[in-house]
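Notes follow the structure.
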Amino acid sequence: MADAALKHPLPASAPARVDWSALDDGALVTTFLGGNERAFREIVERYQTRLLNFIYRTIGDRERAEDLVQEVFIRVYRHLHRFDQTKKFSTWIYTIASNLAKNELRNRSRNPLVLFQTLTKGWTDEERPLEFEDPEARPDDQFRKRHLRELVEKFVGQLPEHHRQVFVLRELEGKSYEEIAEITACNLGTVKSRLNRARTSFAALIEPSLQ
Amino acid sequence: MLCREFRAHYAAYLDVAVDAGTMQAMERHAAMCARCSRMDSAVRRGLMLARNLPEITPSARFAARLDARLVAERIAAREEALARKRPPTLRVMGVLAASLVAMGWLAGQRAPASESWRIATSEIAPIPVAEWRPAPALRIRSAPLRDPAVVTVASTSARPQWMASAPVPMSAVSYTPAIVDGQAGTR
């Protein structure tokens, strides 16, 4: 009964005080298509950070990643009526994000002015994403942690594009193999093989730094 | 278990997606084989680091920018819906009117230039000028080309005209009698 309530879409004239976070994605979509614009804001709030991290880890450029996340939401807004509601909404939105990230990498390879590593290497302290460091930790530990994070980002960026995307979706976004297959338009076997290779390559890259 | 088998099942082992028997066999192999154990440890530590990467959050201006774009989308969608609702006769008439305007504009573009563009009048060029044209750079001739008909018109009417007939080399026409060995003649 509770589940049914959570999945039930709200009418366009829903009261202002609604616990939007209690609604699942499908109900939000139906509510939005029913004319309630507030439901779209909830979709944005739910996915903006996840998509930003996914695209950022895939293309390595934070500012461009934000632009692409905006583009994802615009496309979702424009084409939500075409979304097959028997499917999972998160897979659909990640597919759009994945395609945009792929296009970005393709365009960049045609016009290779910026390399992934140079984007993250040039960060100043102000531009760096917020990191909450343990004030109790010793300075050399903090330095080591930061250094390791930089290495991880660098090595993720060094993975081949199709391996990196699968790796990010699985290890950083926690997607299932089936979802990854759908998002990347590959079959399950390809996803497994790419992930295995990505994991092994990543381990080989990072192993010397862990000694 | 051999190293080759261990590596073949490694992805599933990492995801804890192998059956209990295979899991035990793989754990035993990892405990005995230094090479596979080192690889397993590197992969697990690397993945742990990757999964703990700090999360980045959208910038402060992200929401405002997106809101502005969504408002523009809404307006565009509304206009499109309105355009669809308009009666078809109005739309057809609109298309016809636009086509007529476009055709008129194209006809204006294609109309030949009037004669006044091509013939210089005496007001514009009051001094009679014999029309001549220098030879093209790649075809150097010994003398400039001159059209006797044009010269005649120019000198009698004070209305120079652009050359209409084929030009002839200057050496082929002569207006002054030349005296050669005491005899007058035309070269």
Side-chain angles (χ1 to χ4, degrees), chain A residues 37 40-41 44-45 48-53 56-57 62-63 65-67 69-71 73-75 77-78 128-133 145-146 148-153 155-156 167-168 170-172 174 176-177 191-193 195-211, chain B residues 3-18 22 26 30 33-81 83-84:
Chain A
E37 292 272 342
F40 193 78
R41 194 179 295 174
V44 171
E45 277 168 22
Q48 58 183 3
T49 307
R50 283 199 260 172
L51 292 178
L52 180 64
N53 279 275
Y56 167 62
R57 304 285 175 218
R62 190 195 166 135
E63 213 166 299
E66 270 204 9
D67 291 344
V69 174
Q70 296 241 336
E71 197 53 45
F73 286 125
I74 294 295
R75 288 186 188 200
Y77 188 87
R78 225 178 260 165
R128 199 180 297 284
L130 280 177
E131 293 174 25
F132 297 98
E133 285 171 343
K145 265 188 182 175
R146 179 175 285 185
L148 269 176
R149 279 175 191 164
E150 282 173 5
L151 282 177
V152 170
E153 288 195 334
F155 294 141
V156 170
F167 183 85
V168 170
R170 175 69 188 168
E171 306 301 347
L172 278 67
S176 70
Y177 286 150
V191 170
K192 284 182 183 174
S193 131
L195 182 64
N196 202 21
R197 283 180 190 197
R199 280 168 168 172
T200 321
S201 311
F202 179 70
L205 286 168
I206 205 148
E207 193 181 8
S209 316
L210 300 176
Q211 304 290 328
Chain B
C3 293
R4 200 177 38 186
E5 287 173 275
F6 180 83
R7 279 162 200 249
H9 291 107
Y10 186 68
Y13 172 62
L14 213 55
D15 291 327
V16 200
V18 287
T22 315
M26 288 186 80
C33 172
R35 204 163 135 241
C36 289
S37 166
R38 202 169 56 240
M39 183 206 74
D40 180 41
S41 148
V43 170
R44 285 178 193 276
R45 290 179 71 188
L47 291 183
M48 195 183 69
L49 284 169
R51 286 167 190 159
N52 286 306
L53 277 174
E55 196 177 64
I56 59 167
T57 49
S59 63
R61 62 200 163 94
F62 179 87
R65 273 175 62 204
L66 183 61
D67 280 348
R69 290 189 69 183
L70 288 175
V71 166
E73 280 295 316
R74 244 168 260 153
I75 292 168
R78 209 169 293 153
E79 279 173 2
E80 206 182 307
R84 274 201 210 115

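In what follows, chains are A, B, ... by sequence order, proteins preceding strands, each numbered from 1.
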Worksheet item: If you take all heavy atoms of F202(A) and L47(B), which pair is closest and at what distance?
Response: CE2-N, 4.1 Å

Discussion item. Can you tell whether the side chains of E66(A) and R61(B) come within less than 4.0 Å, N to carboxylate O?
Written reply: no

Worksheet item: Is the backbone of F62(B) close enough, under 3.5 Å, to the side chain of Q70(A) for a donor and an acceptor to pair up by distance?
Response: yes

Worksheet entry | Gap separating the CD atom of E55(B) from the CG atom of L52(A), nearest 0.5 angstrom | 9.0 Å

Worksheet item: chain A heavy atoms under 4.5 Å from S41(B): which part of the residue, side chain, backbone, both or neither?
Response: neither

Item to complete: Search all heavy atoms of T49(A) against all heavy atoms of P58(B) and return the closest pair with its distance.
Response: OG1-CD, 3.7 Å

Discussion item. Can you tell whether the side chains of R199(A) and D15(B) come within less than 4.0 Å, N to carboxylate O?
Written reply: yes

Worksheet, complete the sentence: If one checks every heavy atom of E37(A) against chain B at 4.5 Å, the contacting part turns out to be side chain

Discussion item. Given heavy-atom pairs under 4.5 angstrom as the criterion, report whether the side chain, backbone, both or neither of R170(A) touches chain B.
Written reply: side chain

Worksheet entry | Residue part contacting chain B, namely of V168(A), when any heavy atom lies under 4.5 Å | neither

Discussion item. If the contact rule is any heavy atom under 4.5 Å from chain A, which residues of residues 3-11 of chain B qualify, in numerical order?
Written reply: R7(B), Y10(B), A11(B)

Practice prompt. Measure the spacing between CD of E71(A) and CG of L66(B) and express it to the nearest 0.5 Å.
Written response: 10.5 Å

Worksheet item: Can you name the nearest heavy-atom pair linking P54(B) to R57(A), along with the distance?
Response: O-NH2, 2.6 Å

